[in-house]
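None of the values given here were measured: they were computed from a predicted structure.
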Amino acid sequence: MIRRARGMRDILPEDEIERKRIISIIERNYRGHGFDPVSHPAVERLDVLEAKSGEGIKTEIFRFDDGELG
């Protein structure tokens with residue numbers, strides 16, 4: 001049996017439709033005030049997360065221990 005990674009989940013179609021509708025409203029508002037969109041990575045290096053959040057972050061994330069990422 002394949003278990004899903006901690007902190008990761010699928011978003012079902014009906015939830016994704018509502019999520020995108022809400023995001024569309026938010027985007028329309030911030031663009032109307034002159035702001036541009038920004039996207040952040042879903043995966044980040046542990047050393048960067050620790051620098052921003054402290055070592056305690058290790059207990060709150062899913063960690064890959066398969067070597068250095070390019």
Side-chain angles (χ1 to χ4, degrees):
M1 174 185 216
I2 297 174
R3 293 188 328 195
R4 134 181 68 152
R6 184 178 58 204
M8 304 271 187
R9 67 180 177 91
D10 292 333
I11 300 173
L12 299 176
E14 60 272 9
D15 294 331
E16 181 64 7
I17 290 167
E18 180 66 6
R19 181 180 168 275
K20 286 189 177 197
R21 186 186 72 76
I22 292 168
I23 289 172
S24 166
I25 293 168
I26 293 168
E27 287 177 344
R28 203 168 37 247
N29 275 294
Y30 71 66
R31 286 187 177 150
H33 288 86
F35 291 93
D36 293 320
V38 175
S39 292
H40 299 283
V43 176
E44 193 166 1
R45 293 178 52 96
L46 181 58
D47 58 336
V48 174
L49 285 172
E50 286 178 337
K52 292 192 280 187
S53 305
E55 191 164 318
I57 195 72
K58 287 180 182 179
T59 62
E60 299 175 22
I61 61 170
F62 181 81
R63 180 178 171 175
F64 292 98
D65 287 322
D66 59 354
E68 190 72 25
L69 295 175

Could you tell me the separation between the CD1 atom of I26 and the CZ atom of R21, rounded to the nearest 0.5 Å?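 The distance works out to 10.0 Å.
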All salt bridge (charged side-chain N to carboxylate O under 4.0 Å, His left out) counterparts of D36, not counting sequence neighbours: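 Result, salt bridge (charged side-chain N to carboxylate O under 4.0 Å, His left out) vs D36: none returned.
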I11: side chain to side chain contact (heavy atoms under 4.5 Å, CB included) partners, not counting sequence neighbours: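 By the side chain to side chain contact (heavy atoms under 4.5 Å, CB included) rule, I11 matches R9, D15, E16, R19.
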